[in-house]
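Read the structure below first, then the notes.
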Amino acid sequence: QVRTVESGGGLVQAGGSLRLSCVGSGDTSCMSAMGWFRQAPGKERELVATINSGGSTYYIDSVKGRFTISRDNAKNTMYLQMNSLKPEDTAVYYCKTDCSPWGQGTQVTVSS
């Protein structure tokens, strides 16, 4: 079974940056599509960005131009570079692949 572990969250002031990492372990050969989700307090979990095995990416409108998703297949790792962070980006961020369960997530808190 594939497992993923997220890291890189923290507390940052508005306008700051963070880079999240998601490392896969186990039978990672099945990891094709990968994505980042987030869940803010009292809200539904939402998709933030995706990247497929060919490197094609998708972003929700609210993060376009600020966030960059990438992956290093040799390291079984996916990243989310988050710049110009806003208080509304505060959430627990989760990575997900098409063959792994949800992980524990990593908390991102942006202060105003």
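Sequential numbering from 1 along the given sequence is applied to the chain's residues.
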Looking at every non-hydrogen atom in both residues, tell me the closest pair between [X] and [Y] and how far apart they are.
{"X": "S17", "Y": "S84", "answer": "OG-N, 4.3 Å"}
{"X": "K43", "Y": "Q39", "answer": "O-NE2, 3.1 Å"}
{"X": "T77", "Y": "S21", "answer": "CG2-CB, 4.5 Å"}
{"X": "S100", "Y": "V2", "answer": "CB-O, 3.7 Å"}
{"X": "S112", "Y": "A14", "answer": "CA-CB, 4.4 Å"}

Exercise for review: Give a yes or no on whether E46 atom CD has more than 12 heavy-atom contacts from other residues, nucleotides or ligands under 6.0 Å away.
Suggested key: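 More than 12 heavy atoms, drawn from other residues, nucleotides or ligands, come within 6.0 Å of this atom.
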Exercise for review: Mind running side-chain contact (heavy atoms from CB on, under 4.5 Å) on M34 and C95 for me, showing each step along the way?
Suggested key: CA-CA 7 Å; M34 304 180 74; C95 73; 6.0 Å; no
Hey, what do you get for [atom1] ([X]) to [atom2] ([Y]), rounding to the nearest 0.5 Å?
{"X": "S56", "Y": "I69", "atom1": "OG", "atom2": "CD1", "value": "11.5 Å"}
{"X": "C22", "Y": "E6", "atom1": "SG", "atom2": "CD", "value": "5.5 Å"}
{"X": "T57", "Y": "R71", "atom1": "OG1", "atom2": "CZ", "value": "12.0 Å"}
{"X": "F37", "Y": "T50", "atom1": "CZ", "atom2": "OG1", "value": "8.5 Å"}
{"X": "Q81", "Y": "R19", "atom1": "CD", "atom2": "CZ", "value": "7.0 Å"}
{"X": "L11", "Y": "Q107", "atom1": "CG", "atom2": "CD", "value": "9.5 Å"}

ILVMFWY network linking [X] to [Y], side-chain heavy atoms under 4.5 angstrom:
{"X": "M31", "Y": "L47", "answer": "yes"}
{"X": "I60", "Y": "V110", "answer": "yes"}
{"X": "Y79", "Y": "Y58", "answer": "no"}
{"X": "V63", "Y": "I51", "answer": "yes"}

Practice item. Check the pair W102, T4 against side-chain contact (heavy atoms from CB on, under 4.5 Å), reporting the backbone distance first and the verdict last. Key: CA-CA 8 Å; W102 293 104; T4 55; over 6 Å; no
Practice item. Test R38 against L80 for side-chain contact (heavy atoms from CB on, under 4.5 Å), laying out the working first. Key: CA-CA 12 Å; R38 67 186 179 187; L80 186 67; over 6 Å; no
Review point. Given the rule in the side-chain contact (heavy atoms from CB on, under 4.5 Å) test, do R66 and Y59 qualify, once you have shown the distances and angles that lead to the verdict?
Key: CA-CA 10 Å; R66 300 189 298 122; Y59 301 92; over 6 Å; no
Practice item. Using a strict 4.0 Å threshold on nitrogen-to-oxygen distance, state whether K64 and D61 make a salt bridge. Key: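 Salt bridge flag = yes for D61 with K64.
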Review point. Are the side chain of N73 and the backbone N or O of N76 linked by a donor-acceptor pair below 3.5 Å?
Key: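 No, N73 side chain to N76 backbone: no donor-acceptor pair under 3.5 Å.
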**Study point:** Polar side-chain atom of R3 near backbone of V23 as donor-acceptor pair, under 3.5 Å
**Key:**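 Checking the backbone N and O of V23 against the side chain of R3, no donor-acceptor pair under 3.5 Å is found.
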